[in-house]
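The block underneath contains the structure these notes are about, expressed in structure tokens.
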Amino acid sequence: MSDGGLVVIGSGPAGVAAATAYRDAGGDGPVRLFTADPDLPYERPPLSKDVLRGASDVDDTFLHEPDYYRQRGIEIQLATPVAAVLPGQSAVRLTDGRLITYDSCVLATGSAPVRPAIPGAQTAHVLRSRREAIALAAAADHATTAVVAGSGFIGCEAAASLAARGLAVTMVTEEARPQQARLGPWAGEQIAAWLHAAGVELLAEDRLAEIGADFARTEAGLRRPADLVLLATGVNPQGALAAEAGLAMQDGRVRVTADMRTSSPTVFAAGDIAFAVNASARRGITVEHWRDALTMGEIAGRSAAGQRAEWSQAPGFWSTIGDHTLKYAAWGDGFDD
């Protein structure tokens, strides 16, 4: 492969947006995107909603057709993990030992689901990738009961989607009300009512203690039948490459300025792994939302191409839970009303 230009690590929304924005901003060097994922870039939000409900096909989630990347001169290397980022050499090292040099590099390695340390956790489903969505939907085809652990975005969306398929669904959450920590008790009550209307049983202020072959047991001693269990128990940012490269970090994330630049001037970071300064908030914040990953990736790509760009919009997301839609915009560190 030719050297120089832009190297992007990660094929989620931030990585694809960075590659595209670099080209749109006039970046004329080679653009190479490396990802451990075996599939072309795809949208994740539909996986817990339309795809899991059976309302759309998982093949409809691809972000772009292959021609989109060819026409823009974006080379995507699928199933090709990066082993190390070497800022001192302006290079990345692939797991097969190859060194690929860059003029600029964008880290967009995203997050990975957390599995709690309980018996049977490795047998449960998680929902982050396209392949995991396919496996979950296939299991749901042959299931009548399900237990969902966690009441965040994925947990609430997936629980309602599984119930819409006709499964008897139980949600187990540590919170008194779903998403109360983020949105407050009033909003939590509304979401709990939406889940109840969708047919989801809610076990609040409890957590899973054991997952068996056809059941799940909580710490409170409640046992529920479970042909499948979905763990929606949070994610961890995948910041190991950045930390090993010696980049400035905070709580497992990469510290970046409002233009997504890291402590290494030619390395940028965007999306879930970034602890980014927001120019309007005038402080560093973290987000794990699709729309913001797109925005941060675009800013990283434009910055890498030499344009001036900064992150200034308020973070936000939308979530569909059954027949209801929740929309949110905030700095992510509390609420007033």
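The first residue of the sequence shown is numbered 1, and numbering continues consecutively from there. Since this is a predicted model, take the numbers as computed values, not measurements.
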### Task
Can you spot which of R223, R217, R224 makes a salt bridge (charged side-chain N to carboxylate O under 4.0 Å, His left out) with E210?
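With E210 as partner, salt bridge (charged side-chain N to carboxylate O under 4.0 Å, His left out) holds for just one option, R217.
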Output yes when a side-chain donor or acceptor of [X] lies under 3.5 Å from a complementary backbone atom of [Y], and no otherwise.
| X | Y | result |
| --- | --- | --- |
| T295 | R291 | yes |
| R302 | A21 | no |
| E175 | A181 | yes |
| N236 | V114 | no |
| S161 | S48 | yes |
| T262 | V267 | yes |

### Task
Step by step, work out the side-chain contact (heavy atoms from CB on, under 4.5 Å) result for I118 and I211.
CA-CA 8 Å; I118 60 172; I211 300 170; 4.1 Å; yes
### Query
Of all heavy-atom pairs between P185 and R177, which one has the smallest distance, and what is that distance?
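Closest heavy-atom pair between P185 and R177: O-CD, 3.3 Å.
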### Message
Using the side chain to side chain contact (heavy atoms under 4.5 Å, CB included) definition, which of the options V92, T109, L107 pairs with V82?
### Response
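Going through V92, T109, L107 one by one, the side chain to side chain contact (heavy atoms under 4.5 Å, CB included) with V82 is satisfied by V92 alone.
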Run the salt-bridge test on [X] and [Y] with the 4.0 Å N-O cut-off and return the result as yes or no.
| X | Y | result |
| --- | --- | --- |
| R128 | D37 | no |
| R165 | D227 | no |
| R70 | E65 | no |
| D96 | R98 | yes |
| R308 | D259 | no |
| E75 | R32 | no |

### Query
Are L52 and V148 linked, directly or through other ILVMFWY residues, by side chains that come within less than 4.5 angstrom of each other?
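Same cluster: L52 reaches V148 through Ile, Leu, Val, Met, Phe, Trp or Tyr contacts under 4.5 Å.
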Step through the shown structure and confirm whether more than 12 heavy atoms of other residues, nucleotides or ligands are within 6.0 Å of [atom1] on [X].
| X | atom1 | result |
| --- | --- | --- |
| R283 | CZ | yes |
| W331 | CH2 | yes |
| D323 | CG | no |

### For Y102, ring-ring contact (aromatic ring centres under 6.0 Å, His included) partners two or more places apart
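Applying ring-ring contact (aromatic ring centres under 6.0 Å, His included) to Y102 gives none.
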### Query
Run the side-chain contact (heavy atoms from CB on, under 4.5 Å) check on V200 and L202 step by step: do they pass?
CA-CA 6 Å; V200 177; L202 185 63; 5.6 Å; no
### Task
Please examine the side chains of F215 and V229, heavy atoms only from C-beta on, and report whether any two atoms are closer than 4.5 Å.
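A side-chain contact under 4.5 Å is absent here.
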### Query
Taking the side chain as C-beta and beyond, is there a heavy-atom pair between F317 and F153 under 4.5 Å?
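Sidechains of F153 and F317: in contact.
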### Query
Mind checking whether H64 and Y69 have parallel, tilted or perpendicular rings, split at 30° and 60°?
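Rings of H64 and Y69: perpendicular, as their planes differ by over 60°.
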### Message
Using 30° and 60° as the class boundaries, would you call the ring planes of Y42 and F62 parallel, tilted or perpendicular?
### Response
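Geometry flag for F62 against Y42: perpendicular rings.
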### Task
Would you sort out whether F34 and I100 count as a side-chain contact (heavy atoms from CB on, under 4.5 Å), showing the intermediate values?
CA-CA 11 Å; F34 298 96; I100 310 298; 4.1 Å; yes
### From CA spacing to verdict: side-chain contact (heavy atoms from CB on, under 4.5 Å), Q313, S280
CA-CA 7 Å; Q313 71 182 47; S280 296; over 6 Å; no
